[in-house]
Amino acid sequence: MKNFRFSIFFGLIISSLLVSCSSEDDNYKSFSGPQDALLFNKSASTFEFTAAASAFTEVLVSSTTVSNVDRVVPVVVSPFTTATAIMYSIDMSTAVIPAGQTTAKLKINSGLYAALPTDGSAKQLVLVFGPNFYALPNRTNHVVSIQRGCANTKVNLNIAFDPYASEISWLLKNASNVTVASSSPYADGLGSFTTQFCLTPGNYTFIMNDSYGDGIAPGTYNLKLTDGTTLVTGSVFGSTISHPFTIN
C-alpha cells in the first residue's frame, strides 16, 4: 500500500513539472541538457532584397530559461559563411533577450545589392553562438540565404556551350529595342553559363550570335521561368537568331 501511495505521489510531481514546462513555449518541449541553453528557433531562412530600397529580416534566438534582467545573446558569424560583409549587416543591439522573456529578434539588414550573385543563386550567412555557451544540439546554427529579390518576373538563362564558347554572345532587348542585358566575353572550354533576369510585363527579344556562323550545336540554350516554363529554346542556327517572347 505504501508503494502504491508513493507511486501516485511521484506521478503527481512529474505531471506538475510537465505542465510547468509546457506553459513556457515550444522551446522546452524537447529540451534535454543543462537548464540554461540557447537555440535558434529555425535552422534556415531566405533573405531577398532589391536595389530599390533597404530591407531587413529577423532571426529568432531563444533561451530555455527566463531571467529578470536583459541578456545579450552571443551570436557570431561562422567561418563557413559565403556571403561577403558588404552583402549584409547585423544590428547587434537587437541581440538581446528582454527581461521576463525567452526570445530575441536579431535584425539582419540588407547590404549592397550589386554585390549579390546575378544568376539567381544565394550566398549564405551562417550564424552560430560564441564559445562557452551551451546550445541545444539540433539548434546550434542558423543559415540565412541572401539573394537578389525581384518584384516582377524572374527568368533564368541557361547556356550549354559547344567547345568554342568565345564565339557566342547574346542580347536581351525590350519592346522599345533597348538592351536590357547582354553577355560578357566567354572563354573557349567553358561548359555552361547561367544568369537570371528580373523582367517587367511586356514584349522582349532574345538574340543569340555566333561569330563563326555555325550556331551553338552540340550545345543548347533556353530561357525559363522559375516554375520551369520554357520561353525560349534553341541550338542550331547560323550567325544570329532572334526569339521574341512575352512576360505577362
Side-chain angles (χ1 to χ4, degrees), residues 44-59 75-95 105-128 141-161 165-166 168-187 189-209 221-229 231-232 243 245 247-248:
S45 61
T46 300
F47 182 25
E48 295 186 353
F49 58 89
T50 68
S54 58
F56 71 89
T57 188
E58 292 179 330
V59 175
V75 175
V76 297
V77 177
S78 166
F80 291 103
T81 290
T82 58
T84 61
I86 60 174
M87 296 178 181
Y88 67 91
S89 64
I90 303 175
D91 185 354
M92 293 307 297
S93 69
T94 62
K105 296 180 180 180
L106 182 65
K107 186 177 180 181
I108 312 296
N109 295 304
S110 58
L112 182 63
Y113 176 82
L116 299 177
T118 60
D119 61 0
S121 63
K123 292 295 184 180
Q124 280 67 48
L125 166 61
V126 183
L127 301 173
V128 296
N141 60 59
H142 182 94
V143 179
V144 183
S145 295
I146 306 174
Q147 61 191 74
R148 291 191 173 202
C150 177
N152 296 293
T153 301
K154 291 182 178 180
V155 177
N156 295 317
L157 167 62
N158 307 289
I159 304 175
F161 294 105
S166 65
I168 301 301
S169 63
W170 54 265
L171 294 169
L172 178 61
K173 294 190 174 186
N174 63 17
S176 300
N177 203 37
V178 175
T179 298
V180 175
S182 61
S183 60
S184 298
Y186 303 117
L190 179 64
S192 62
F193 172 80
T194 300
T195 192
Q196 187 175 80
F197 312 122
C198 181
L199 303 181
T200 57
N203 296 318
Y204 295 87
T205 302
F206 181 72
I207 304 168
M208 282 290 287
N209 301 302
Y221 60 90
N222 61 66
L223 286 174
K224 292 186 176 183
L225 301 178
T226 54
D227 66 2
T229 301
L231 301 174
V232 167
H243 298 276
F245 65 95
I247 297 296
N248 296 317

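The figures that follow rest on heavy atoms only: side chains count, while hydrogens, waters and symmetry mates do not. Note that the structure is predicted; figures quoted are calculated from it, not measured.
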Do you know the tightest heavy-atom contact between [X] and [Y]?
{"X": "P201", "Y": "N152", "answer": "CD-OD1, 4.3 Å"}
{"X": "T195", "Y": "T118", "answer": "OG1-O, 3.2 Å"}
{"X": "Y186", "Y": "I168", "answer": "CD1-O, 3.5 Å"}
{"X": "S45", "Y": "H142", "answer": "OG-NE2, 2.8 Å"}
{"X": "V128", "Y": "S78", "answer": "CG1-CB, 4.0 Å"}

### Query
Do R148's NZ or CZ and the ring of Y113 fall within the cation-pi criteria of under 6.0 Å and 45°?
yes
### Task
Identify which one of L106, I108, I146, T46 satisfies the side chain to side chain contact (heavy atoms under 4.5 Å, CB included) criterion when paired with T57.
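Only one option passes, and that is I108.
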### Partner of L125 under side chain to side chain contact (heavy atoms under 4.5 Å, CB included), chosen from T81, T84, V59
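The option that passes is T81.
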Can you give me every donor-acceptor pair (side chain of residues 171-180, partner residue at least two apart or in another chain, under 3.5 Å) with its distance?
unit_1 : atom_1 : unit_2 : atom_2 : d
N174   : OD1    : S176   : N      : 3.0
N174   : OD1    : N177   : N      : 3.3
N174   : OD1    : V178   : N      : 2.9

Taking the side chain as everything from C-beta on, heavy atoms only, tell me whether [X] gets closer than 4.5 Å to [Y].
{"X": "L112", "Y": "Y88", "answer": "no"}
{"X": "S110", "Y": "F47", "answer": "yes"}
{"X": "M208", "Y": "Y221", "answer": "yes"}
{"X": "M87", "Y": "L116", "answer": "yes"}
{"X": "T200", "Y": "T153", "answer": "no"}
{"X": "K123", "Y": "P117", "answer": "yes"}
{"X": "L127", "Y": "V76", "answer": "no"}

Spatial distance of atom [atom1] ([X]) from atom [atom2] ([Y]) [nearest 0.5 Å]:
{"X": "I159", "Y": "N222", "atom1": "CD1", "atom2": "CG", "result": "9.0 Å"}
{"X": "K107", "Y": "S93", "atom1": "NZ", "atom2": "OG", "result": "8.0 Å"}
{"X": "N156", "Y": "T194", "atom1": "CG", "atom2": "OG1", "result": "7.5 Å"}
{"X": "F49", "Y": "N109", "atom1": "CZ", "atom2": "CG", "result": "10.0 Å"}
{"X": "L223", "Y": "F245", "atom1": "CG", "atom2": "CZ", "result": "5.0 Å"}
{"X": "F56", "Y": "I90", "atom1": "CZ", "atom2": "CD1", "result": "15.0 Å"}

### Query
Is N248 atom CG crowded by more than 12 heavy atoms from other residues, nucleotides or ligands, each under 6.0 Å away?
no
#### Entry: Greater than 12 external heavy atoms within 6.0 Å of K105's NZ
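Count not over threshold, so no.
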### Query
So, H243 versus T205: side-chain donor-acceptor pair below 3.5 Å or not?
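Checked: H243/T205 side chains show no N/O donor-acceptor pair below 3.5 Å.
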### Query
Between F193 and F161, does the ring centre distance come in under 6.0 Å?
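F193 vs F161: aromatic centres not under 6.0 Å.
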### Query
So, do Y204 and F206 have ring centers that fall under 6.0 Å from each other?
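Judged by ring-centre distance (under 6.0 Å), Y204 and F206 do not meet the cut-off.
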[X] side chain to [Y] main-chain N or O, any donor-acceptor pair under 3.5 Å?
{"X": "S166", "Y": "A187", "value": "no"}
{"X": "T82", "Y": "Q124", "value": "yes"}
{"X": "S183", "Y": "W170", "value": "yes"}

